[in-house]
J.: 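Please read through the structure below; I'll follow up with questions.
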Amino acid sequence: MQLDFLGDLRRTHMCGELRAEHIGQKVILLGWVNRRRDLGNLVFIDVRDRNGMTQLVFDKGENPAAHEKASALRSEYVIAAIGHVRKRDLDTVNPNIATGDVEVRVDELKLLNESKLPPFLPGDTDIANEEMRLKYRYLDLRRDKMQANIELRHKVALAIRQSLSERGFLEIETPFMTRSTPEGARDYLVPSRVHPGEFYALPQSPQIFKQILMISGFDKYFQIVRCFRDEDLRADRQPEFTQIDLEMSFPQPDRVFEVVEAFLQAAFKAAGHELTAPFPRMTYDEAMRQYGIDKPDMRLPAMTDIRKAFTDEDLTELRIDASMNMVAVRIPKVGKISDREKKEIRALSDELAQRNKEFAGVLYDFAQLEKKRPQAATKIRELCAADSEDLIVPVVAIAAAESKARTAANQHAQFTAAGEARLELARKYADRHGAFTRTGEVGNDFKLLWVTDFPMFEYDEKENHWNPAHHPFTSPHERDMDKLESDPGSVRALAYDVVLNGTELGSGSIRIHRQDIQEKIFRALGMSIPEMKERFGFFLEALEYGTPPHGGIALGLDRIVMILAGADSLREVIPFPKTAKAVDLMVDAPTPVSDVQLKELGIKIK
RNA sequence: GGUCGCAGAGUCUAGCGGCAGGAUGCCUGACUGUCUAUCAGGAGGGACGGGUUCAACUCCCGUUGCGACCGCCA
């Protein structure tokens with residue numbers, strides 16, 4: 001079929017714009033053929049662009065030439081429609097689309113491009129599987145939902161930029177080709193041609209650079225920036241992802257919180273939600289005790305300490321280890337559970353024990369407890385404020401035959417395992433309690449909070465030394481300074497996370513700005529002075545030239561947009577994401593490269 | 001690295017150890033008020049490799065791809 005040129009055709013409206021007020025106007029619409037309804041002498045074409053859809057009418061009696069051309073149109077052809085807006089008869093109005101009151105009677109149709117028959121259509125009711133969607137991403141992105149997600153992403157990013165800019169933050173770029181640091185995740189490496197055998201690394205985050213910018217006196221920095229981590233993927237983890245990265249001079253954690261709360265309010269507003277600030281706060285310790293996790297999902301009830309429910313006699317008879325934590329997990333509105341479900345809960349107990357080596361407990365059968373110790377069971381119901389429909393799962397330790405010494409690690413694992421049980425059961429019974437279903441009420445749908453006072457170090461059992469829980473530039477609490485050497489495990493950091501519905505949105509800290517403290521930390525981590533110099537020499541030197549107190553945070557933009565879009569995977573809000581095996585199915589990356597390229601880089605593949 | 005799930009027409013799927021069914025898309029025809037158009041007709045199918053079996057789309061093993069989770073991700 002003959003194709004037409006665009007010439008100097010200029011569209012007058014987007015395809016979702018026309019309303020009753022445009023009736024009678026001459027319009028030019030440009031877009032894709034979304035659907036064709038051919039009634040013989042009368043043809044309807046829905047023309048679509050990212051803004052919406054308009055029905056075009058071709059009537060053989062009115063305009064035979066245009067009608068003939070329209071009859072040959074197929075899905076995803078690109079067209080220009082020049083015509084007049086017409087009121088639809090009352091009985092032909094389509095309330096399902098924004099432009100449904102009107103239609104365009106086409107005077108002249110131009111065919112700008114044809115389309116091969118696509119493997120799937122943007123208007124399909126069943127969406128294709130992900131493999132197909134990713135391979136033909138350009139087609140998948142034509143779908144309304146994807147267009148909306150990408151637009152939402154733009155709006156959110158824009159609102160955040162504006163908010164930060166208004167508060168005096170400067171957006172400053174930092175290098176993508178930088179220095180590999182062995183800390184943290186694996187680096188993506190970029191070989192240097194000029195220096196054979198040497199590599200740049202793509203940044204896991206602009207951490208060092210933003211601190212240097214504070215040393216340079218920029219005072220308030222931000223960047224919406226790509227970060228790279230060569231680790232295995234998850235639904236909420238991509239190898240390249242976007243952070244809202246910021247750093248400020250002379251801050252207390254509260255200053256950082258205010259900034260983040262402001263831009264999150266702006267971001268949520270852009271998505272149509274009025275968020276209340278300040279967000280609730282909780283220390284790491286409270287989070288672990290009440291939720292068994294450092295990123296509590298507050299849409300579900302906290303765990304309850306049930307030690308008080310048992311008399312000493314109960315404990316002896318039930319062979320419960322009184323030296324350990326006793327908590328109950330409560331999942332609302334589960335109702336009666338079947339024998340099979342009971343079995344599944346028992347199986348979960350084993351699974352948790354396998355995953356948490358130090359876990360000394362079990363998920364107790366509450367029904368059994370009600371039989372054996374009705375008073376204790378009643379008390380637990382009271383303590384949990386449980387409804388009769390609620391599922392209660394006590395997590396207790398059964399006393400070992402020989403008395404084994406329980407450690408702090410056991411106690412911690414007890415909370416962690418209970419927390420995992422809480423989430424697992426909540427997911428399982430999501431249909432019944434409905435806590436994960438959007439209600440339209442912001443306070444219910446989006447539970448934000450700050451988790452503060454993370455521990456400074458974590459002990460690595462295998463390697464037998466202390467690791468930074470956050471990163472090695474995190475400042476300890478001023479009041480814990482003197483415990484750095486004597487009792488590293490009890491040192492709290494000025495580190496904080498912002499959490500939304502059980503997802504860690506962002507993580508930050510007040511940094512160390514004094515070289516003497518930085519060296520102490522490195523010593524506590526078991527790093528020698530030469531080792532420190534080798535890894536961070538330039539940075540330690542920078543600290544010596546008048547470094548102001550500073551701190552900041554970084555938030556995952558992809559995750560924020562994902563939650564706002566109500567999506568289950570980051571791939572729904574990233575235009576060109578990678579598969580679980582870190583492959584781009586559209587461009588087919590990664591690929592081998594030619595021997596010539598390798599030789600130039602001085603690289604041999606084994 | 002590990003555990004689990006999935007793999008069938010262009011796409012989405014039902015079922016089955018013995019003729020592979022539907023929806024949608026596509027093609028042809030009819031149709032002047034459709035909008036997931038309708039009606040009639042048509043074309044089109046088992047990821048790869050091995051095994052069990054008289055017979056495998058179906059069962060088993062492996063590979064590959066996709067997905068979920070664990071490990072990993074300061």
Side-chain angles (χ1 to χ4, degrees), chain A residues 34-48 53-62 67 71 74-76 86 88-97 99-100 103 105 116-136 139-140 181-187 204-205 207 227-239 241 351-352 354-357 420 423-424 427 454-458 460 462 466-474 493 495 497 504 507-509 521 525 554 556 568-569 571 578-583 585 588:
Chain A
N34 194 59
R35 257 206 173 83
R36 174 178 62 105
R37 291 177 294 281
D38 189 342
L39 279 66
N41 290 327
L42 186 66
V43 173
F44 297 100
I45 299 288
D46 290 332
V47 61
R48 181 200 74 231
M53 223 157 63
T54 302
Q55 172 166 285
L56 307 177
V57 194
F58 299 85
D59 189 325
K60 193 169 186 182
E62 285 177 8
H67 172 269
S71 300
R74 292 296 179 267
S75 290
E76 300 307 300
R86 191 159 71 178
R88 292 203 198 187
D89 291 338
L90 260 182
D91 56 333
T92 64
V93 161
N94 183 354
N96 301 320
I97 59 172
T99 59
E103 61 194 9
R105 195 200 68 224
K116 271 174 58 171
L117 179 63
F120 56 91
L121 293 171
D124 280 351
T125 39
D126 292 325
I127 57 172
N129 72 41
E130 279 219 70
E131 206 174 335
M132 221 55 204
R133 292 177 56 198
L134 290 175
K135 182 165 179 203
Y136 297 95
L139 298 178
D140 188 50
T181 52
E183 298 291 325
R186 268 185 289 272
D187 288 320
Q204 296 174 27
S205 82
Q207 186 61 36
C227 302
F228 307 86
R229 292 177 192 177
D230 186 5
E231 295 293 346
D232 288 342
L233 287 77
R234 287 284 190 286
D236 63 352
R237 264 164 34 193
Q238 282 273 312
F241 59 99
E351 197 182 305
L352 294 172
Q354 218 161 31
R355 211 181 304 156
N356 300 283
K357 270 182 236 115
E420 286 176 13
L423 288 179
E424 191 77 31
R427 263 194 291 274
F454 277 77
M456 185 78 189
F457 306 106
E458 282 165 356
D460 185 333
K462 267 180 264 160
W466 292 97
N467 279 331
H470 189 56
H471 58 61
F473 314 115
T474 302
D497 280 4
E504 179 199 312
S507 188
S509 66
I521 300 295
L525 292 171
D568 295 326
S569 158
R571 295 185 296 274
K578 295 184 175 49
T579 68
K581 287 230 163 65
V583 168
L585 292 176
D588 185 25

J.: Using atom C1' in both nucleotides, what's the gap between B/C57 and B/G49 to the nearest angstrom?
T.: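 To the nearest whole Å, 16 Å.
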J.: Taking atom P of B/G2 as reference, at what distance in whole Å does atom CD of A/Glu351 sit?
T.: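 Those two atoms, CD and P, are 19 Å apart.
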J.: Please state the P separation for the pair B/A47 and B/A14 - nearest whole angstrom.
T.: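 Nearest-Å result for B/A47 against B/A14 at atom P: 15 Å.
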J.: Go ahead and name the base partner of B/U24; Watson-Crick or wobble counts if both distances stay under 3.5 Å, otherwise write none.
T.: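 Matched B/U24 with B/G10 under the 3.5 Å cut-off.
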J.: Can you tell me the base-pairing partner of B/C35? Count Watson-Crick or G-U wobble geometry only, both distances below 3.5 Å, and say none if there is no partner.
T.: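 The base-pairing partner of B/C35, which may sit in any strand shown, does not exist here.
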J.: Need the pair for B/G71. Rule: Watson-Crick or G-U wobble, both distances under 3.5 Å, any strand; none if unpaired.
T.: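 The answer is none; no pair meets the criterion.
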J.: Can you check B/C19 for me, syn or anti if syn means within 90° of 0?
T.: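 Judged by the O4'-C1' to base torsion, B/C19 sits in syn, the angle falling within 90° of 0.
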J.: Could you measure between the two C1' atoms, the one in B/A20 and the one in B/G46, and give it in whole Å?
T.: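 Rounded to whole Å, the distance is 9 Å.
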J.: To the side chain of A/Ala235, which of B/C35, B/G71, B/A68 is closest?
T.: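 Closest nucleotide among those given: B/A68.
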J.: Measuring only the C1' atom in each nucleotide, how far is B/U24 from B/U63? A whole number of Å is fine.
T.: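 32 Å, rounded to whole Å.
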J.: Take atom P in B/C66 and the same atom in B/G8, then report the distance between them in whole Å.
T.: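 Looking at atom P only, B/C66 and B/G8 are 14 Å apart.
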J.: Determine the Euclidean distance between corresponding C1' atoms of B/A56 and B/G17; express it in Å to zero decimal places.
T.: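 Nearest-Å result for B/G17 against B/A56 at atom C1': 7 Å.
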J.: Could you identify the nucleotide paired to B/C59, looking across every strand shown and requiring Watson-Crick or G-U wobble geometry with both distances under 3.5 Å?
T.: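 Because both required distances fall under 3.5 Å, B/C59 counts as paired with B/G51.
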J.: Select one nucleotide: of B/C12, B/C35, B/G67, the one nearest the side-chain heavy atoms of A/Arg571.
T.: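 Between B/C12, B/C35, B/G67, the one nearest the side chain of A/Arg571 would be B/G67.
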J.: Taking only nitrogen or oxygen atoms into account, show me every contact under 3.5 Å that the protein makes with nucleotides 25-33 of chain B, one pair per line with its distance.
T.:
unit_1, atom_1, unit_2, atom_2, d
B/C27, OP1, A/Arg74, NE, 2.9
B/C31, N3, A/Asp38, O, 3.3
B/C31, N3, A/Gly40, N, 3.3
B/C31, N4, A/Gly40, N, 3.3
B/U32, OP2, A/Asn41, ND2, 3.4
B/U32, O2, A/Asp59, OD2, 3.4
B/U32, N3, A/Asp59, OD1, 3.0
B/U32, N3, A/Asp59, OD2, 3.4
B/U32, O4, A/Asp59, OD1, 3.2
B/U32, O4, A/Gly61, N, 3.4
B/G33, O6, A/Arg86, NH2, 3.1
B/G33, N1, A/Glu103, OE2, 2.9
B/G33, N2, A/Glu103, OE1, 2.4
B/G33, N2, A/Glu103, OE2, 3.2

J.: The side chain of A/Asp126 is closest to which nucleotide in this list: B/G65, B/G67, B/C12?
T.: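 Nearest to the side chain of A/Asp126 among the choices is B/C12.
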J.: Distance between the C1' atoms of B/U36 and B/G71, in whole angstroms?
T.: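 Here B/U36 and B/G71 have their C1' atoms 45 Å from each other.
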J.: With respect to the side chain of A/Asn96, which nucleotide from B/G1, B/U36, B/U34 is positioned closest?
T.: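 Looking only at side-chain atoms, A/Asn96 lies closest to B/U36.
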J.: Would you mind telling me which of B/C73, B/U11, B/C70 lies closest to the side-chain atoms of A/Ala128?
T.: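 Shortest atom-to-atom distance from the side chain points to B/U11.
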